[in-house]
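A, B, ... follow the sequence lines: proteins, then strands. Residue 1 opens every chain.
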Amino acid sequence: MSQDRYTPNEIELKWQARWQASNAFACSHESDKPKYYCLEMFPYPSGNIHMGHVRNYSIGDVVARVKRMHGYNVLHPMGWDAFGLPAENAAIKHKTHPAKWTYANIDNMRAQLQRLGYSYDWSRETATCRPEYYRWEQEFFLRFLEKGLVYRKKAPQNWCPSCHTVLANEQVIDGLCWRCDSRVEQKDLTQWFLRITAYGDELLEDLARLEGGWPERVLAMQRNWIGKSHGAAIAFTLEKPLPGKERIEVFTTRPDTVFGVSFLTLAPEHELVEHLIDGYEKADEVRAFVARIRNMDRLERQSDVLEKEGIFTGAYVRHPFTGERVPLWLGNFVLADYGTGAVMGVPAHDQRDFEFARKYALPVKVVISPKDAPLDPAAMTEAYAGEGVMIHSGEFDGMPNTEGKQAVARKLEADGNGRATTQFRLRDWNISRQRFWGAPIPVVYCDACGVVPEKRENLPITLPLDAQINEDGRSPLPQMDSFTRCTCPQCGGPARRETDTMDTFVESSWYFARYTSARKEDGPFDMDALRYWMPVDQYIGGVEHAILHLLYARFFTKALRDLGYFPPDLEEPFSRLLTQGMVLKDGSKMSKSKGNIVAPSEMIDKYGADTVRLFCLFAAPPERDFDWSDSGIEGASRFLQRVWRLFMDEESRFLPVRGCSSTAADVQNDTARDLRRREHLTVKKAGEDMSRRFQFNTAIAAVMELVNAMYLAREKMGQDEGDRRVFSSAMASVLTLLSPITPHICEELWERLGHTSSLQDEPWPVWDETALQQDSVTIALQVNGKLRGTIDVPAQADKAALEAAARDDAAVQRHTAGLTIRKVIVVPGKLVNIVAN
RNA sequence: GCGAGAGUGGCGGAACUGGUAGACGCACUGGACUUAGAAUCCAGCGGUUCAUCCGUGGGGGUUCAAUUCCCCCCUCUCGCACCA
């Protein structure tokens, strides 16, 4: 190895080999130390690490390494979210099996992560596509089925024609597939659902537990997505009862406006439509309307420019309070899968109903009267949705509408016509996927017994490794007799296996728990390990998972807790969440099509892993997006060169000491005192920025200042013992503070400093308050709040002395000449402000 | 429309509890070293009419003092949105 040039690649490979050989970051739950579980969202093994991964994992690695140095027993695992569509596409392209492509990518990406020197406990590595992993998911599925948390339902589903599979509601973004941006179609299919709505209330309420630990906007997004609204269910009796159906129920958040109802609107998909129009002379027109609306795709249907349209069904209901006849309409704006698929129309107090009523000449009845401004239905140009007093509302007349909400609901309940209730926007999670590369759903279809769950002792149901993916992307499983042919677990007769696989978001909903006992074979989790490690103390990943993954994982945690797999007091999986920003290039997201990709491997070859890590952390605070800058990484590289050179230039004066080890007795001159003070100041600031605030950019800036100070100090400092100790201590602090960010160069210099132990076992240095004290301080002098000068005064100077010094100052005198001094504000150690006019 | 966040030099960003706005880095400029360049080191670097005045998206307010607190407005980013 060369003696004085900084050769990052040599150094980094040397230390990485050592870490690997000694399993340096392995941990166990059998420990007396306090635990810290640091987790970054695991990657999909697409083939190569990209800059977004580097940023994500560099942030996590700093957190993990800092916590270790603070004495925590740190769990910092890594694995692979290995099921998914790209593997199938690649398999088609290369005429191979998705497993082969996936495992090759994992090997490649593991090597890339190791080349970045991340401190993972590799002995816990998992890949979700391995039967040892997904067999437990199949077991959860069976337990969910027993508990009614899994059910089968036929309903219109989101179908992506390009991916040949259904999608969950969360995976449809603006009517497009989250993965390939194809237009999502609606298709009637029988699918498996996870009853996430059973946990709707808990998922919403427990967001309060995450307050402070999770970004506000993620909490807001989840609240929004769960979408709980309070209101009432109100039943309207059908004028002509249908077989087994006498009433139509609506959900409303405004029961106080019930006396203003002038029509009811049903979704075109409402199950009763065909019965309602039976015998109506214009039934065919209604059928044509329904057909037209149903044929619209989701994007068109949900567009906000879509005109409100409706049609009368010929049927009527009776108002629960007045007994009035209310016409039943169908409307294209009514959602079949929200509430009851039916709404009451109150044109005077709901803008959408108002527009509908004006269009179809339906009556507008004012029942809420705003203070001092009575409404005239004929003159209204828009609905009045504000507060007021109830009028034309029978027994409720004169009541403030805010009270009326509950009063009406109580009366409805007493009369058997409704009740106060809530509605969620959240829907159950469709987990069926018509794809090959996923965990098989462990049920069979038997002609005799119907749908039968697989026996637990038959798990795992493994994916065949001899499958050949169809050219058009459809799953080969339905055509594979070897897979589908099976015996019924109930009657022993011939049966067919389910060929749908589970949504890959199921695997990522519990992987964090599997890491706590990743090699366990006789069960999914070791309860002692779960109790020790869970919850994850710090979770780090992209904000794009704010709803999908983070909501599903929270749901799984609660469901597995209730099934006894998780400790009963484990409420939430992730105590703290950091959503890191994206790495952009030229202002936009890096992508192949834009050709603006910066490959981490090229940067590592050119500058070394330490420099790449340093730049990713220095460029911006972690939550913010940052634009990759070629000259910026040059700057990061320059800084590490500077640290290296400082060490080499001064090698002869270094002693093998720790950070903050010099004492006041070592200080024999001003330069040494200033340097020692700067060292302690840096340890204080960088330490707080790294462990408390997660502001790595300012922590690095502080260390840069210390290094600059050392460059300036070195010429003025001598070779005597005291100066050497002060200078060496500062160097040791630089290396210790920087080691979580740039571990390789720091370990190397630490070793060259003469230490035999590793820096990762070094305790975090502790700054000394007395070292921060100064003899003199600079005080700002203000006149009327404006800075007019500064003076250096003894640190202990009292208020009177400060005021006197300020009045003596020439600049102050110039700015107060001819004025009367009214007041003098003295903030010791900071400033003197003279108020004069 | 609702919700969340942001707006500071040429650029990325700093200022944590109201107390010297612009730390640190990039870019740029000058100097040293060098035959020259690169690298390195040192210094400068918001604007200005330069002992002045202006300046943290705009306007008001509180205060001795506001990037920071309060009110109103503008712009941008993200999420949700015919959810009854």
Side-chain angles (χ1 to χ4, degrees), chain A residues 173-174 215-225 227-229 231 250-254 257 264-265 267 301-308 331-335 337-346 350-353 355-356 423-426 543-544 546-547 579 615 618-621 623-636 638-639 641-642 645 649 685 688-689 692-693 695 697-705 707-708 711-712 715 778-790 810-811 814-815 822-827 829-836:
Chain A
I173 315 290
D174 295 333
E216 190 50 45
R217 74 168 167 149
V218 175
L219 295 174
M221 281 162 77
Q222 292 220 350
R223 249 180 238 120
N224 207 330
W225 190 263
K228 184 178 185 177
S229 34
V250 303
F251 172 75
T252 179
T253 54
R254 294 294 304 273
T257 65
L264 247 56
T265 322
R301 181 92 180 263
Q302 291 194 345
S303 146
D304 48 3
V305 296
L306 182 71
E307 205 191 330
K308 285 168 197 44
N332 64 346
F333 57 87
V334 182
L335 306 171
D337 55 355
Y338 181 77
T340 59
V343 294
M344 62 185 206
V346 185
D350 180 282
Q351 185 58 26
R352 194 193 43 212
D353 295 343
E355 288 166 29
F356 195 78
Q423 276 296 328
F424 288 91
R425 189 187 168 283
L426 181 70
V543 74
E544 65 273 17
I547 294 170
T579 50
F615 178 62
F618 182 61
E623 305 83 1
R624 212 176 299 188
D625 289 350
F626 83 82
D627 211 273
W628 182 268
S629 150
D630 290 332
S631 52
I633 193 168
E634 290 280 354
R638 207 140 51 208
F639 171 65
Q641 303 270 9
R642 212 165 132 78
R645 207 161 41 239
D649 288 354
K685 164 133 184 81
E688 282 179 8
D689 285 355
R692 186 172 60 83
R693 301 205 306 155
Q695 298 276 307
N697 54 331
T698 53
I700 293 163
V703 178
M704 285 173 167
E705 285 187 80
V707 171
N708 290 346
Y711 264 92
L712 291 178
E715 260 118 64
T778 304
I779 296 288
L781 300 180
Q782 297 182 335
V783 176
N784 292 329
K786 286 185 176 151
L787 183 70
R788 296 304 180 189
T790 58
R814 203 168 48 246
H815 285 93
R822 302 287 175 193
K823 203 169 168 186
V824 178
I825 283 131
V826 180
V827 184
K830 293 270 188 201
L831 57 75
V832 179
N833 187 14
I834 293 171
V835 186

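- For A/K308 against B/C82, a side-chain N or O and a base N or O form a donor-acceptor pair under 3.5 Å.
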Polar pairs (N or O, both sides) under 3.5 Å between protein and nucleotides 53-55 of chain B?
unit_1	atom_1	unit_2	atom_2	d
B/C53	OP2	A/R788	NH1	3.2

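- Position along RNA chain B of the nearest nucleotide to A/D353 versus A/V835 favours A/V835 as the more 5'-ward residue.
- Legend: residues meeting salt bridge (charged side-chain N to carboxylate O under 4.0 Å, His left out) with A/E688, ordered by chain and number and at least two apart, are A/R692.
- Rounded to whole Å, the C1' atom of B/U68 lies 13 Å from the corresponding atom of B/U62.
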*Given Watson-Crick or G-U pairs with both distances under 3.5 Å, what dot-bracket string fits RNA chain B, with | for other-strand pairs and [ ] for crossing?*
(((((((..(((......[....))).(((((.......))))).((.....))..(((((..]....))))))))))))....

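- Taking the C1' atoms as reference points, B/U77 lies 25 Å from B/C26, given to the whole Å.
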*Which letter, B, S or -, goes with each nucleotide of nucleotides 15-22 of chain B from 5' to 3', with contact meaning a protein heavy atom under 4.0 Å?*
SB--BB--

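- Residue A/L712 is classed as a sugar-phosphate contact, given heavy-atom separations below 4.0 Å to backbone atoms only.
- Separation of the C1' atoms belonging to B/G9 and B/U48 is 14 Å when rounded to the nearest angstrom.
- A cation-pi arrangement is absent between A/R352 and A/F333, since the terminal nitrogen or guanidinium carbon is not both under 6.0 Å from the aromatic centre and inside a 45° cone about the axis.
- Considering only the side chain of A/W225, B/C80 comes nearest among B/C42, B/A14, B/C80.
- Taking only side-chain atoms of A/L335, from C-beta outward, the nucleotide of B/C41, B/G13, B/C83 with the closest atom is B/C83.
- The shortest distance between the side-chain N/O atoms of A/R223 and the OP1/OP2 oxygens of B/G79 is not below 4.0 Å.
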_Where protein sits on nucleotides 25-34 of chain B, one letter per nucleotide: B base, S sugar-phosphate only, - none, heavy atoms under 4.0 Å_ = SSS-------

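- Of the candidates B/C24, B/A84, B/A4, the closest approach to any side-chain atom of A/T253 belongs to B/A84.
- The separation of B/G60 from B/A15, taken at their C1' atoms, amounts to 25 Å, rounded to a whole angstrom.
- Shown here are the side chain to side chain donor-acceptor pair (under 3.5 Å) partners of A/D649, two or more places apart in sequence or in another chain: A/R714.
- Base orientation for B/G9: syn, the chi torsion being within 90° of 0.
- Using a 4.0 Å heavy-atom cutoff across all strands shown, A/N224 reaches at least one base atom of the nucleic acid.
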